[in-house]
Every structure is written in C-alpha cells, then in structure tokens.
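Here's the structure, in structure tokens; my notes come after.
Given the structure is predicted, the values throughout are model-derived calculations rather than measurements. Only this structure's heavy atoms are used, side chains among them; waters, hydrogens and symmetry mates stay out.
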Amino acid sequence: MDEAPQPVSPKMLSDTVFVRRVLIFVGIVALAAALYVLSDILLLIFGSILVAVVLRAIARPIRKSTPLGEKPALLIALLGVFALVGLAGYLFGSKISAQLTAVVQSLPEAAKQLSNTIPVSSVQDFVKGSSIGDLIMSAFSWGTTLVGAIATLVVVIVAGIYIAVDPDIYRRGLVKLFPQPSQPQIKATLDDAGDALTQWLGGQVLAMIMIGILIAVGLALVGVPSALGLGLIAGITEFVPIIGPVLGAIPALLLAFTQDWNTVIWTLAVFVVVQQIESNVIMPLVMGSKVSVPPAVGLFAVVAIGVLFGPLGLLLGYPLAIVIDVAVRRLYVHEMLGEDVKLGVEDAESDADDDA
C-alpha cells in the first residue's frame, strides 16, 4: 500500500519562497548589469530605430499618394534621401569640408588663447570636476574620433534600413518577451512611442535645418571665419534639445575669440537671438504641442542619460526621454494607477479639437 505524501511544513514552504525571491532578485541585478555593460550596443539599436522611423515617415506619404506598396515606397524614400544628400554634397561639399577642416585646425589654438586669458591651466580644467563637465569633454573627444564616428554612423544607418524594411518582425519579437496578458498594453505603448518619435523627429529635422541656416548667416554677417561650417555644427548639435545649442555655440565662440572681444559679443548675440527665434517661432511652428516633455524633465533626462551612458546617451537622451515618458504614462499611470491620462500626440489632437 502506497504511503500518504508527507505534508509540506510551513518552514520548508517559507524557505522555498525565500530562495525563489533571492533568485529573482539576483536575476534582476544580473540583467541590469548586463544591460549597463551593453549600453552602447542598446543605444546604437535605438539610433537604428530612429533611422527606421524617419525612413518610414518619408515613405508614408509616397505610399498614400501612389499605388506603390510599402517596400517600393520605402525604396523611393531611401533613394530620395541619398539623392538629396548627394546633391547637397556636390553643391556645397567642398566648401563645407574646407571650412570644417579649418574649424578643427583652429580650435586648439583658440582654446589655448582662451586658457591663457582665463586664470586656469586649461579649458579642460575649467569644466572638469563635475559629471556635466566630464560629459562635455568626453562628447568633444568622441566627436573628434572621425573614423569611429563614421563607422558608428554607417552601422546605425544600415541597421535602420533593415528595421524599416520589416519592423513587424522585431516588434513581435519584443512583445513576446512579456507575459501574454500584458502584450496588448506593450503593443499599444510601442505604437504610441512610434507616433511620438515620428512627430518629434519630423519637427526636429526642420528645426535643425532652419537653425543651421540662421546661425551660418548670422556668423557670416558678424565676421566669424568658417561661418558655413559652424552653421552645420550648430544645426547638427540642435538634435540634442536644450544642451545641444550650448555645445554648438562653443566652437563659434572659440573662433570668435581669435578675432576680438567685439566679435565674441556679436557671436554670442547671434546665438541668443537665434535661440529666441527657435523657442518662440520655429518650434511652435514645426512642432506645435504634438510631443510635450516638460523642459526641466527634458533637461535632466538628457543630462542623466548622458552621464550614465556617455556621448551616445547625450545624443539620444531626448528621444529616449520621449519613449520613457510614453511608457510611464501608459503602463504605470494609466494601467497600474488607473488614472485617465493622455499621451503627447493625443493631447495635441484633443487640444486642436478644443480650439476648433
């Protein structure tokens, strides 16, 4: 006759629960450590997603206005981007290249002159000693490694093209990593994040072009050398909201310092005026209220992500903040707390309806 199973004692059950909780905690810590170690790779993946978002946003109106399918429209969008970049390079490439070379060659001497004027041993000593100062110096050193930056850009663009061709396969794979009851919420969050990034990227690209042109014209008028190259730098750094304009102004101010103090003052005035135009005219015009991250939240998010993950984190900090904001609003505030919240894109649509 079979013996009756022995009942599990409360002590054994308690020990089992304790061991399980310890293993879960260790697993979470190990996962967080692995993600931190692989942060550069994860940021490159996020950069590739941004490239895919841009390509698909360009292809969308082509697909809607023509009988072409999704992939042919995407191919036309990709060829159009390459043609536009190639045309710009053909028309202005040699001049921009010469001016950028002049900027790179002139900056060390300008920094040396500045360090001789300011009572510090070097400009680096002036900014180091804080996490933000170290981040700024690492951003400049990372930007000067031209080969590494180009290789990184090529990888991001190629991966972005692959993602743009068939994003659903990656989306489905990510969603399946979560428990099945949570998958509808994860899908909705990904959709909302994609819409928010599309809106922000479209407005940001237009703003970068406008800011670059205004800065180049303004610097040329006040007599700063290599104004076209400095305008290009200012337009590119505009991709990083709040902090980017400050970083873009530093090379221009250093070169202006090699002229005289009047040129420095006029250069500073150019950047201040352009930033006022951006805040009060350009951004409301091209962005509206479609994507709204409070300025203080955006500032600290960019700084925090930059300090944690270095120059790549600084570059991608704001779009990451947009995605985090969407996820927190939908998954935590709405799903867990039960609060009735609206996301940035939905807010813009409801505000437009209210205005109407």
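A side chain to side chain contact (heavy atoms under 4.5 Å, CB included) with V270 is found for exactly one of V224, I265, I215, namely I215.
Here F178 is tied into one hydrophobic group with L174, V175, L177, I186, L190, L331, each link being a pair of ILVMFWY side chains closer than 4.5 Å.
The side-chain heavy atoms of L247 and L314, taken from C-beta on, include a pair separated by under 4.5 Å. Under the 4.5 Å side-chain criterion, counting only non-hydrogen atoms from C-beta, Y170 is not in contact with I49. Side-chain contact between M210 and E278 is absent, with no heavy-atom pair separated by less than 4.5 Å.
With sequence neighbours left out, N262 forms a side-chain hydrogen bond (donor to acceptor under 3.5 Å, both in side chains) with no residue at all. Listed by chain and number, the residues in a salt bridge (Lys or Arg N to Asp or Glu O under 4.0 Å) with R56 are E70 (sequence neighbours excluded). With sequence neighbours excluded, the residues that form a side-chain hydrogen bond (donor to acceptor under 3.5 Å, both in side chains) with R171 are D191. With sequence neighbours excluded, the residues forming a side chain to side chain contact (heavy atoms under 4.5 Å, CB included) with A301 are A321, listed by chain and number.
No donor-acceptor contact under 3.5 angstrom links the side chains of D195 and T198, judged on distance only.
If you chain together hydrophobic residues whose side chains sit under 4.5 Å apart, V205 and L74 never meet in one group. L219 and V246 fall into different hydrophobic clusters, where Ile, Leu, Val, Met, Phe, Trp and Tyr are joined by side-chain heavy atoms under 4.5 Å apart, directly or via other members.
For residues 215-243, the pairs satisfying ring-ring contact (aromatic ring centres under 6.0 Å, His included) are W200-F239, with sequence neighbours left out.
The two residues Y318 and V302 come nearest to each other via the heavy atoms N-CG2, 3.8 Å. The shortest heavy-atom contact between T267 and A256 is OG1-CB, 3.3 Å.
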